[in-house]
Structure formats: C-alpha cells, structure tokens
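Notes to accompany the following structure.
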Amino acid sequence: MKPTLLAALGARDGRCPGSDGTVPRGCIVGRDPSIARSEERRSAMLDIQTVGLSPDYVPYLDGWALQRSLHADIVAGIRPDTLLLLEHEPVYTAGARTARHERPTDGTPVVDVDRGGKITWHGPGQLVGYPLVRLVEPVDVVAHVRRLEQLLIDALHEFDVDGYRVEGRSGVWVRRPLGEDKVAAIGVRVQRGVTMHGFALNCDNSLAGFRGIIPCGITDAGVTTVSEIVGADISPSDVIDTVSRVFADDFAGVPA
C-alpha cells in the first residue's frame, strides 16, 4: 500500500506513522496512550477521514488494506468508530455471492472481496464510504444496512433527490421514467462486532463500467447518478460535506 495513506491518516488523527507509513497501534503524539484509549472508548463521535478525492484516486487494494488496519484498531479498542470517504481508481469488486455469469466478459480484472452482495463497479465520480463501526450486541447486520440507507436518503434529500428503499433489496433507489434505478449501493461485512466496507454513491461517474456486468446481480433495474437525476454536474466533492454532516450528526445523536 502507498505509505502516504496510512501516514497521512496518522498525521491527521494524532498518531505517529512509522517509517514505512504504518500507524503503530496506541501511538498518540503528546498524550499517554492509555489515556487516549480511554477517551476514545467513551466517545460516541464518528471520526470522519477523507482519504482521497479527484484527482487523488485511491487504488482499491490500498483502501482495503487501510480498512483492515483501522478495523483491527477499533476491535482492539484503541480507535473510535471511523468513516473513510474516498474515490477509487476504476475497479470491479465481487462479493461472495457473485455468480460466474455476472462477471465481466471482456477480461477486466475483478477483485474478490469479503463483503456481502455481488459484483459492482467503483471509480472516479463515485463517493465511496467505509463506516468502520462497532455494533451493539446482539449484532444486527440488517439494521446497520438500513441505517446506512437512511443516512444516504437524508443526504440526497438536500440535493432534491427523493431516494427510497426497495423491499428485499439493499441500497438507495430513485424513480426514473422507465422504472426504478439504484443511485447508491451498499455491501458490508461484520467481523468481531465491527463493520467493514459500506456504500458507493453515484455522483457524476460514467455508467459505462456497469454495462459489462450485472450490477449487484439485479437484472430488472438500472443504475443512475445524482447528476443524471438533477440535471446538473454533482461531484463527490459537492456532496462529501453533506454526507459527512449527516453521518456525524447521526452518530452524535443530533436530531434531524
């Protein structure tokens, strides 16, 4: 992984990046680590980090490695719940339930990942969010997905996009002239009580990447973007502040 990802994140949150760019667990600049860990456990706040937006796209494997590193810290109790926001370089990722016929047929590389769901595309113009959060016991993965959906629906409402849920399907949907299209996809994993992976909100990305696959395994619906819905160019940079605020307020218990 590029050392700059973990090093920059460590600099922003007060940790000491190692010479190889890794963040030693429990290393808090200027504070006793045991005090810092205690403070983090008491905090109900969400640590929101912007990892990379256009033109600084994040390679998928680098973002995945960063997730795993921070996930381990949250499991260990030395880091608060964290939301990573970024844009990826173009890539296909396939969840465990992806069937062979749903994969691209043009030889495009596919990264097999450990989240739920099926195959999807990530790339420039799409805001990707990875909420790494500890779930309350008993763990309810469906409730976590519903929470992410509602937060994205709330954020989209501020751009005059009427998103909604579809029974039996994850993600956020909108009504289009020819039917229902998905504007945000969700796929998660929970390990040791802490979530990984998350959501992908189509902002102003090209939809060409979806044409060579069966997105999320759904054959009777399409995909769209915020820009296509509102008839104006809305980039990840345009929505990131709203998404960050909606997530921060929810995790802090601020009424809508």
Item to check | Residues forming a side-chain contact (heavy atoms from CB on, under 4.5 Å) with D56, sequence neighbours excluded | outcome: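 So D56 forms no side-chain contact (heavy atoms from CB on, under 4.5 Å) with any residue.
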
Item to check | SB check R175 D162 (cutoff 4.0 Å) | outcome: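 Between D162 and R175 there is no salt bridge, as every charged N stays at least 4.0 Å from the carboxylate O atoms.
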
Checklist entry - Got a salt bridge between E158 and R245, using NZ or NE/NH1/NH2 to carboxylate O under 4.0 Å? => result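 Salt bridge flag = yes for R245 with E158.
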
Side chain of [X], backbone of [Y]: donor and acceptor closer than 3.5 Å?
| X | Y | value |
| --- | --- | --- |
| Y92 | G209 | yes |
| Q126 | C203 | no |
| T195 | P131 | yes |
| H88 | V58 | yes |
| E228 | D204 | no |
| D160 | V230 | no |

Item to check | Partners meeting salt bridge (Lys or Arg N to Asp or Glu O under 4.0 Å) with R115 (sequence neighbours left out) | outcome: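 Not a single residue meets the salt bridge (Lys or Arg N to Asp or Glu O under 4.0 Å) criterion with R115.
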
Checklist entry - Between R103 and V110, which heavy-atom pair has the shortest distance, and what is it? => result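 What the structure gives for the nearest pair is NH1-CG1, 3.6 Å.
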
Checklist entry - Below 4.5 Å, heavy atoms only, C-beta onward: do V145 and I186 meet side chain to side chain? => result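 Yes, their side chains come closer than 4.5 Å.
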
Checklist entry - Only one of N205, V91, V111 forms a side chain to side chain contact (heavy atoms under 4.5 Å, CB included) with H122, so which one is it? => result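 Result: among N205, V91, V111, V91 is the only option passing the side chain to side chain contact (heavy atoms under 4.5 Å, CB included) with H122.
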
Next on the checklist: Does R147 qualify as a cation-pi partner of F247, given the criterion of NZ or CZ under 6.0 Å from the six-membered ring centre and within 45 degrees of its axis?
Outcome noted: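 No; the conditions do not both hold, so R147 does not lie above the ring face of F247.
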
Checklist entry - Cation-pi between R68 and W64: NZ/CZ under 6.0 Å from ring centre and within 45° of the ring axis? => result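 Positive - R68 is close enough to the ring of W64 and near enough to its axis.
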
Next on the checklist: Would you say E149 and Y164 are linked by a side-chain donor-acceptor pair, where the criterion is simply a distance under 3.5 Å?
Outcome noted: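 Distance-only check fails for Y164 and E149.
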
Item to check | Any side-chain donor near an acceptor of the partner, S235 and D238, under 3.5 Å | outcome: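 Yes, because at least one side-chain N or O of S235 sits under 3.5 Å from a partner of the opposite role on D238.
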
